[in-house]
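For the single chain, residues carry numbers from 1 onward in sequence order. For clarity, every value in this text was computed on a predicted model and none was experimentally measured.
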Amino acid sequence: MIYLVKAIYSFFIPPGVLILLLAGLAFGTRHRSKKTATLLAIITIILYIASTNYFGAFFIRSLEDRYSIPAKIEPDVIIVLGGGATSDTPDLSGLGGLSGSAANRLLTAVRLYNIHKVPIVFSGGQVFRDTANEAQIAARLLEDLGVSQQDIIAEDKSLNTTENAKYVKEILGARGFRNPILVTSAFHMERAVANFEKVGVQVIPLPADYQVSRQSRMHINNMVPSGAGMYLSSLAAKEYLGILALGGK
C-alpha cells in the first residue's frame, strides 16, 4: 500500500505534475490542432520516460559499468577530481563542504591513502561565484581525516575536466609521478580518462561514487516520474555529450 501512495504522490510534485499538465494540454488541443496535440504528446512521453528511475538508472548504469576496480594497483600518487562544493555552509572545522559526489570521491581516496601512503592530488577550483574552491576545502577535510599535510596537493585552478587533466599533468611532471591512479565518479570515468589521455597522461582508473545498483529490479516506483530519475538521465546525457565532444572516446 505504501508504494502505491508514493506512486500517486509523485504526480503532485515536479516533474510528475508537469507531465500531467502536458498530457492535459495534449488531450485538450486534439480537436483544434492534431499537429500541436501530437507534438505535446511526444514531449510528454519523452519527459515521462526520462524522469523514471528505471530509465535514468539504465542510462547512468551504461556508463558506470565501463570500468571496474583493478585487482592490483601500485600507484605513486592518487588523483581525485572535484565535483562541487558549497562556500559558506557550517562544518566541524571551518566553512564550506564538498557535494555528495565530491565527498564520495574523497572518501575513496582516503581509503586508498591508508593502504598505499602516497600523495593525494585533489583537482578542482571555484567554478561559480556562489560556490567554493573545491581543492582548498578538500585539503582541510583531508587533514581532518588523518592525511599528512605533506601528502596533500591542492590543484585549485581547474574549472572543468579538461583543465583538471591539464593542470594535474603539470603537477605530475614537476614532482616526477609516473603511476597515477585516478579517482572520480563511475559515471564520469570514461570522459575523465579520455581527457587525461588527450594530454598524454596514462592513469589507472578507479571508479567511485556509484549512483545506482548493478542489478535492476522492476517495481512500481521505478516507473513513476521523479526528480531523482530526471537527475540520473540529465547526468548521463551530460557525460555522453562530453564523450562525443572528445571524438567518441
**Q** Quick check for you: to the nearest 0.5 Å, what is the distance between Ser234 atom OG and Glu239 atom CD?
**A** 12.0 Å
**Q** Using a cut-off of 6.0 Å, state whether more than 12 heavy atoms not belonging to Leu92 lie near its atom CG.
**A** no
**Q** Would you say that Asn179 contacts Ile204 through its side chain, given a criterion of any heavy-atom pair below 4.5 Å between the two side chains?
**A** yes
**Q** Can you tell me if Asn195 and Glu197 form a side-chain donor-acceptor pair at under 3.5 Å?
**A** no
**Q** If you measure only the distance, is there a donor-acceptor pair under 3.5 Å linking the side chains of Ser158 and Glu163?
**A** no
**Q** Compare all side-chain heavy atoms of Ile73 with those of His116 and state whether any distance is below 4.5 angstrom.
**A** yes
**Q** Find out whether Tyr113 and Pro119 are in side-chain contact, i.e. whether some heavy atom of one side chain is under 4.5 Å from a heavy atom of the other.
**A** no
**Q** Would you say Val118 and Val110 are hydrophobically clustered, going by side-chain heavy atoms of ILVMFWY under 4.5 Å?
**A** yes
**Q** Only one of Val80, Ile78, Ile79 forms a side-chain contact (heavy atoms from CB on, under 4.5 Å) with Ile181, so which one is it?
**A** Ile78
**Q** If I take atom CG from residue Leu81 and atom OG from residue Ser101, how far apart are they, to the nearest 0.5 angstrom?
**A** 11.5 Å
**Q** Minimum heavy-atom separation for Asp209 and Phe187, please, with both atom names.
**A** OD2-CE2, 3.8 Å
**Q** Show the numbers, then the answer: is there a side-chain hydrogen bond (donor to acceptor under 3.5 Å, both in side chains) between Thr161 and His188?
**A** CA-CA 9 Å; Thr161 309; His188 181 238; 2.9 Å; yes
**Q** Decide if atom NZ of Lys34 counts as having more than 12 heavy atoms of other residues, nucleotides or ligands within a radius under 6.0 Å.
**A** no
**Q** Where is the tightest heavy-atom contact between Gly229 and Asn53, given as atom of each residue plus distance?
**A** N-OD1, 3.3 Å
**Q** Should we count CZ of Arg111 as having more than 12 external heavy atoms under 6.0 Å?
**A** no
**Q** Mind listing the closest non-hydrogen atom pair of Arg30 and Ala37 along with its distance?
**A** CA-CB, 3.6 Å
**Q** Taking atom CZ of Arg191 and atom CG of Leu63, what is their separation to the nearest 0.5 Å?
**A** 10.0 Å
**Q** Drop me the distance from Ser33's OG to Leu39's CG, to the nearest 0.5 angstrom.
**A** 9.0 Å
**Q** If I compare all heavy atoms of Ala194 with all of Leu246, which pair ends up nearest, and what's the gap?
**A** CB-CD1, 3.8 Å
**Q** Any side-chain heavy atom of Phe122 sitting closer than 4.5 Å to one from Leu98?
**A** yes
**Q** Does Arg66, at its CZ atom, have more than 12 non-hydrogen atoms belonging to other residues, nucleotides or ligands within less than 6.0 Å?
**A** yes
**Q** CZ of Phe27: more than 12 outside heavy atoms within 6.0 angstrom?
**A** no
**Q** Give me the one residue out of Lys166, Glu155, Lys157 that meets side chain to side chain donor-acceptor pair (under 3.5 Å) with Ser123.
**A** Glu155
**Q** So which heavy atom on Pro205 is nearest to which on Val203, and how close?
**A** CD-O, 3.4 Å
**Q** Taking the six-membered ring for Trp, is the centroid-to-centroid distance between Tyr240 and Phe59 below 6.0 Å?
**A** yes
**Q** Quick one: ring-ring contact (aromatic ring centres under 6.0 Å, His included) partners of Tyr167, sequence neighbours excluded?
**A** none
**Q** So, do Tyr48 and Met223 sit near enough that their side-chain heavy atoms are less than 4.5 Å apart?
**A** yes
**Q** Does Val168 belong to the same Ile/Leu/Val/Met/Phe/Trp/Tyr cluster as Leu106, with side-chain heavy atoms less than 4.5 Å apart forming each link?
**A** no
**Q** With a 4.5 Å cut-off on side-chain heavy atoms, are Ser216 and Phe58 touching?
**A** no
**Q** Under a single-linkage definition using a 4.5 Å side-chain heavy-atom cutoff for Ile, Leu, Val, Met, Phe, Trp and Tyr, are Val183 and Ile171 assigned to the same hydrophobic cluster?
**A** no
**Q** Spell out, yes or no, whether Leu182 and Ile153 are grouped together once hydrophobic residues are joined by side-chain heavy atoms under 4.5 Å, including indirect joins.
**A** yes
**Q** Is there a chain of hydrophobic side chains (I, L, V, M, F, W, Y, each step under 4.5 Å between heavy atoms) that links Phe12 to Leu21?
**A** no
**Q** Please examine the side chains of Val193 and Tyr67, heavy atoms only from C-beta on, and report whether any two atoms are closer than 4.5 Å.
**A** yes
